Engineer: 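Got a structure for you, questions after.
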Amino acid sequence: MVTNAEIADMLEEIATLLAFDDANPFRVRAYRNGARTVRRYGKTMASLVADEADLTALPTIGTDLAALIQEAVNTGHMRSLDALRISAPIPSLDLLEVEGIGPKKARALWQELGVSTPEQLHRAVLDHKVRTVTGFGPGSEVRLAEVFAKQTPLKSRRYPLGTVTPIADALRTYLGTCPDISRFEIAGSFRRGRDTVGDLDIVAETHTPAAAIDHLASWSRVKRLVLRGEAKATFILDEGIQMDLRATDTEGWGAMLQYFTGSKPHSIALRVRAKAKGLKLNEYGVWKGNQRVAGATETEIYDALGLVFIPPELRENRGEIELAAEDKLPILVTRQDLKGDLHVIANSVRDVGAMLKAAHACGLSYVAIGPRIDAKTKRKTVEDIFRETDARCKDIPGLRCFRLVEVGLTKQGDLDASDTLLEDADLIIGAVRDGFDLTKAEQTKRLVQAVKHPRLSILSHPTGRSVGEREPFDVDMAKVAKAAAQAGTALELSADPARMDLTDLHCHTAQEAGAQISVTAEAIRPAEFERLTLGIVQARRGWLGPSDVLNVRGAADLAKTFRTQKTNKTAKEPVHAGSA
DNA sequence: GCCGTTTTCGGCCCGACTGTTTTCAGTCG
Ligand SMILES: Nc1nc2c(ncn2[C@H]2C[C@H](O)[C@@H](COP(=O)(O)OP(=O)(O)OP(=O)(O)O)O2)c(=O)[nH]1
Ligand SMILES: [Mg+2]
Ligand SMILES: [Mg+2]
C-alpha cells in the first residue's frame with residue numbers, strides 16, 4: 001500500500017524535474033504545495049480513494065493532482081513521473097542536495113563535466129575543473145571546496161529535537177552574554193515546536209548588526225561562516241547543524257520574528273491577505289504605501305491584518321488564518337494545565353523515592369508510577385515497587401500516587417503478561433514494543449483489540465515511532481482512536497525526544513475521534529520531567545485543548561475512571577491477559 | 001497547476017547575499 005509520504009515524494013520529484021524544463025515556476029510550486037498537503041494530511045490518500053472521496057476538496061489539490069494521487073494509490077506509480085525521469089536532463093537528483101547547487105548549476109555540471117553526484121563534484125572541485133563551467137568561476141569553486149572540506153550537511157538533513165535542544169540551550173546562554181544583542185528568540189521550526197528541525201533560526205535585536213554577527217561568529221561552537229551581509233548571516237556549527245541569523249531593530253522586531261518563525265506557507269498566506277487589504281507584509285513590517293503601520297510586535301502584525309495572534313504551533317496554513325479572522329482559534333492546552341503524569345517508570349525500588357520527589361517539585365499533584373514488565377519479571381519485584389511507592393508517597397504531602405505497570409502487547413493485541421503481575425495495579429499501560437512490521441490492517445486490528453481490553457487504561461507508543469530510526473508505522477489511527485474513545489482508553493503522547501509519538505497529526509486525528517490523550521514525560525530519571533513541555537508543544541501542534549488531555553483532570557476524577565475500568569469492565573468481559 | 005470577502009482568468013510573497021554580471025541570475029531564507 002502506497003503511503004502519503006511516498007505520494008508526496010513522487011509529487012515533489014515531479015516538481016523538481018519540471019523545474020529543469022524552465023516550466024512555469026507557479027506550476028512547479030503547485031506540485032510542491034500538493035506534496036506538502038499530502039504529506040501532512042491526517043488520513044491516508046489510500047483510504048480517501050477507497051472511500052471515493054473527492055480529492056479536489058483538499059486544499060492545493062485540483063483535478064490534475066487528484067488524478068495523479070489516484071493513479072499512485074491504484075498502481076503504485078505515476079506514469080507522468082516515469083516519463084519525466086526518462087527525459088530528465090540529468091541522471092540523478094543527488095547534486096541538488098549540495099549547498100548552493102540548484103537546477104541550473106546541476107544541469108551545467110552534468111552537461112559540461114559529466115558530474116552528477118556530490119562525490120564526483122568534490123573530485124572535480126579538487127581538480128579545479130569546476131571554475132570553467134557556465135555560472136561558476138574561481139570564487140564559486142573555492143566556496144564549494146569549503147562546503148566539502150567542512151562537511152556541510154545535505155540540504156534535506158533534519159535533526160531530532162532531542163539533539164538540538166542542548167545546543168539551543170548553550171546558544172541561549174551565549175547570546176545572553178552579548179552586549180550588542182538586547183533581545184533574541186530562536187524562531188523557525190524550533191519555535192513552531194516541530195519534533196525535528198532542519199536548522200536553528202535566530203532573530204536578534206541590535207543597534208549594531210555587524211557587531212552582533214561578529215559576536216555569534218566567534219562562538220566556540222561555530223565551525224564555518226557560510227555567508228554574511230548587513231542584515232543576516234549563516235553559520236555551520238560543530239555538530240554540522242546550520243544556524244541562520246537575522247538582525248532587527250526594535251521597531252521591526254515583531255515583523256522579523258513573524259517572518260523567521262514562518263512557516264513559509266503560513267507567511268505566504270498572510271502576505272496574500274495583506275495584499276488583498278491594500279497592504280504589504282515583509283520582514284520589516286506591514287506597509288501602507290511607504291508608511292509602516294505595524295512592526296514592533298507580532299500581535300500588532302496580526303492585528304493590522306485583521307487577525308488575532310496565532311500561536312506559533314498553529315502556523316502551518318492549515319486553517320488557522322481563517323479561524324483567527326473570526327477570533328475562533330481553539331484554546332490550546334498549556335503546561336500549567338497538566339496536573340499529573342501517568343507514565344513514570346520505576347524499574348526497581350531504588351528509583352521510586354527520587355522520581356516522586358522530582359514529580360512533586362515540577363508542580364505535579366499526582367503520578368502513576370511503576371515498572372516495565374515482561375515475561376521475566378517476578379511478582380515480588382512488582383510488589384516491592386508498589387509497597388515502596390505507597391510508603392514514599394505518604395511522605396510527600398499533596399502528591400497522590402497510582403500504581404502502574406507497563407506491559408507489552410501480543411501481535412493479537414492482548415496484554416503480554418500474566419494476570420498475577422497485573423492484579424495489584426491501579427492502572428495498566430499497554431506499550432507497543434514490537435510487531436512494527438505488521439500490515440496496516442493487522443496493526444489496526446491489533447490496536448483496536450488492545451484499547452478494548454477491560455483493564456487497559458492507556459495505549460503507549462501507538463505508532464511505534466523511534467525518531468530518526470523508525471517512522472510511525474501505518475495504522476488506521478482514526479479507527480483506533482474511535483475504539484479508544486468508546487472504550488474509555490486514552491492514547492499516549494510521549495515527550496521522550498527519542499519517541500515523540502503520537503505525532504502532532506495523529507493527536508489531531510485522535511481528537512476528532514473523541515479520544516483522550518495522556519501527555520507524559522515517560523520519565524525514567526528525575527530530571528526528565530522537564531520534557532513535559534516538549535509533549536505539550538506537540539499536543540498544541542495537534543490542536544489539542546485542555547479537555548482533550550487526560551492528565552489535565554484531577555486525581556480524584558481519574559481514580560474513579562481507573563477503578564471503574566478495574567471493577568465494572570472486568571466483571572462484564574473476560575480478561576485476555578497472558579494469551580501470548 | 002490552483003484558485004476566488006472584487007476575480008472562473010490572470011494572477012501567484014518578498015527580500016538578502018554571492019559571484020560574475022557588465023546589469024542580474026541563481027540560490028536561499
Ligand atoms: N516569506 C518567506 N519566508 C520564508 C521563505 N523561506 C523561508 N522563510 C521563512 C519561514 C521559515 O520558517 C523561516 C526559516 O526558514 P527555514 O528554511 O529554516 O525553515 P523552517 O525553520 O520553517 O523549517 P526547517 O526545520 O528549518 O526546515 O524563514 C520564503 O520563501 N518566503
Ligand atoms: Mg529552520
Ligand atoms: Mg533556516
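This is a predicted model, so every value here is computed, not measured.
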Engineer: Let's see if you can work this out: which of B:dT27, B:dC17, B:dC2 has an atom nearest to the side-chain heavy atoms of A:Asp64?
Structural biologist: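 Within the option list, the nearest is B:dC2.
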Engineer: Using a strict 4.0 Å threshold on nitrogen-to-oxygen distance, state whether A:Glu99 and A:Arg224 make a salt bridge.
Structural biologist: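 Yes.
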Engineer: What's the CD-C1' distance between A:Glu230 and B:dC17, to the nearest Å?
Structural biologist: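 Interatomic distance, CD of A:Glu230 to C1' of B:dC17: 11 Å.
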Engineer: How many Å lie between CZ on A:Phe136 and P on B:dT18, as a whole number?
Structural biologist: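 My rounded result for the distance is 17 Å.
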Engineer: By nearest nucleotide on DNA chain B, pick out whichever of A:Tyr31 and A:Glu326 is the more 5' one.
Structural biologist: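 Nearer the 5' end of the strand: A:Tyr31.
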Engineer: Would you kindly give the CG-to-C1' distance between A:Asp21 and B:dG1, to the nearest whole Å?
Structural biologist: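 Going from CG in A:Asp21 over to C1' in B:dG1 covers 15 Å.
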Engineer: Parallel, tilted or perpendicular for A:His266 and A:Tyr302, by the 30°/60° rule?
Structural biologist: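 Aromatic pair A:His266/A:Tyr302 classed tilted.
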Engineer: Say you pick atom C1' in B:dT23 and the same atom in B:dG19; how far apart are they, in whole Å?
Structural biologist: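 B:dT23 and B:dG19 have their C1' atoms separated by 13 Å.
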Engineer: How long is the span from the CG atom in A:Leu68 to the OG1 atom in A:Thr63, to the nearest 0.5 Å?
Structural biologist: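 It comes to 10.0 Å.
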Engineer: Hey, what do you get for CD (A:Glu471) to OG1 (A:Thr503), rounding to the nearest 0.5 Å?
Structural biologist: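 Going from CD on A:Glu471 over to OG1 on A:Thr503, the span is 10.0 Å.
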Engineer: How does protein reach along nucleotides 9-14 of chain B, written 5' to 3' as B (base within reach of a heavy atom under 4.0 Å), S (only sugar-phosphate), or - (no contact)?
Structural biologist: ---BBB
Engineer: Given B:dG29, B:dG1, B:dT27, identify the nucleotide with an atom nearest to the side chain of A:Arg27.
Structural biologist: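 The closest nucleotide is B:dG1.
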Engineer: What is the distance, rounded to the nearest whole Å, between atom CZ of A:Phe235 and atom P of B:dC17?
Structural biologist: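 In whole Å, B:dC17 P lies 12 Å from A:Phe235 CZ.
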Engineer: Using the C1' atom in both, what is the distance from B:dC2 to B:dT8, to the nearest Å?
Structural biologist: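 Each nucleotide's C1' atom is 12 Å from the other's.
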Engineer: Less than 4.5 Å apart, side chain to side chain, heavy atoms only: is that true for A:Leu58 and A:Leu48?
Structural biologist: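 Answer yes - side chains close enough.
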Engineer: Considering only the P atoms, how many Å lie between B:dC3 and B:dT18, rounded to the nearest integer?
Structural biologist: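 That atom pair is separated by 37 Å.
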Engineer: Is B:dG10 paired to anything, Watson-Crick or G-U wobble with both distances less than 3.5 Å, and if yes, which nucleotide?
Structural biologist: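 Partner of B:dG10: B:dC3.
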Engineer: Across the strands shown, which category fits A:Pro103 at heavy-atom distances under 4.0 angstrom: base, sugar-phosphate, nothing?
Structural biologist: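 Sugar-phosphate contact only - A:Pro103 comes under 4.0 Å of backbone atoms but never of a base.
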Engineer: Applying a 4.0 Å non-hydrogen cut-off, can you work out what A:Gln242 is touching in the nucleic acid: base, sugar-phosphate, or nothing?
Structural biologist: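 The residue A:Gln242 makes sugar-phosphate contact but no base contact.
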Engineer: For atom C1', what is the distance between B:dT22 and B:dG15, given to the nearest Å?
Structural biologist: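 Result for the C1' pair: 23 Å, nearest Å.
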Engineer: Counting only side-chain N and O atoms of A:Lys155, is one of them less than 4.0 Å from OP1 or OP2 of B:dC28?
Structural biologist: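 For A:Lys155, the contact criterion (side-chain N or O under 4.0 Å from OP1 or OP2 of B:dC28) is met.
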Engineer: Determine the interatomic distance between C1' on B:dC17 and the same-named atom on B:dT21; round to the nearest Å.
Structural biologist: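 That atom pair is separated by 15 Å.
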Engineer: Just so I know, are the side chains of A:Ile14 and A:Ser80 near enough to count as touching, which here means a heavy-atom distance under 4.5 Å?
Structural biologist: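 A side-chain contact under 4.5 Å exists here.
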Engineer: In whole Å, measure the gap between the C1' atoms of B:dG11 and B:dA16 for me.
Structural biologist: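 It comes out at 25 Å once rounded to the nearest Å.
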Engineer: How far does the C1' atom of B:dT20 sit from the matching atom of B:dA25, given to the nearest Å?
Structural biologist: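 B:dT20 and B:dA25 have their C1' atoms separated by 10 Å.
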Engineer: What's the closest nucleotide to the side chain of A:Ala30 if the choices are B:dC17, B:dT20, B:dG1?
Structural biologist: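 Among the listed nucleotides, the one closest to the side chain of A:Ala30 is B:dG1.
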Engineer: Please state how far atom CD in A:Glu141 lies from atom C1' in B:dT20, giving the value in whole angstrom units.
Structural biologist: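 About 14 Å, once rounded to whole Å.
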Engineer: For the pair made of NZ in A:Lys104 and P in B:dT18, what is the distance, rounded to whole Å?
Structural biologist: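 Between P of B:dT18 and NZ of A:Lys104: 22 Å.
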Engineer: Rounded to whole angstroms, how far apart are CZ on A:Arg246 and C1' on B:dC17?
Structural biologist: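 Interatomic distance, CZ of A:Arg246 to C1' of B:dC17: 10 Å.
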Engineer: Say you draw a straight line from CG of A:Leu307 to CG of A:Leu270; how long is it, rounded to the nearest 0.5 Å?
Structural biologist: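 If we round to the nearest 0.5 Å, A:Leu307:CG and A:Leu270:CG are 6.5 Å apart.
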Engineer: Between A:Arg158 and A:Phe190, is NZ or CZ placed under 6.0 angstrom from the six-membered ring centre and within 45° of the ring axis?
Structural biologist: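 No, cation not above the ring by the 6.0 Å, 45° rule.
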Engineer: Taking only N and O in the side chain of A:Thr234, is any of them less than 4.0 Å away from OP1 or OP2 of B:dG29?
Structural biologist: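 Checking B:dG29 against A:Thr234, no side-chain N or O comes under 4.0 Å of OP1 or OP2.
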Engineer: Relative to each other, are the rings of A:Tyr174 and A:His215 parallel, tilted or perpendicular (30° and 60° limits)?
Structural biologist: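 If you compare the ring of A:Tyr174 with that of A:His215, the planes turn out parallel.
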Engineer: Could you measure between the two P atoms, the one in B:dC13 and the one in B:dT5, and give it in whole Å?
Structural biologist: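 The answer is 15 Å between these two P atoms.
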Engineer: Nearest heavy atom decides the nucleotide; on that basis, is A:Arg228 or A:Lys105 closer to the 5' end of DNA chain B?
Structural biologist: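 Residue closer to the 5' terminus by nearest nucleotide: A:Arg228.
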Engineer: Roughly, in whole Å, what's the span from CG in A:Asp54 to P in B:dC2?
Structural biologist: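 Spelled out: CG on A:Asp54 to P on B:dC2 is 12 Å.
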Engineer: Of the listed nucleotides (B:dT27, B:dG1, B:dA16), which one gets closest to any side-chain atom of A:Leu65?
Structural biologist: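 Closest of the options to the side chain of A:Leu65: B:dG1.
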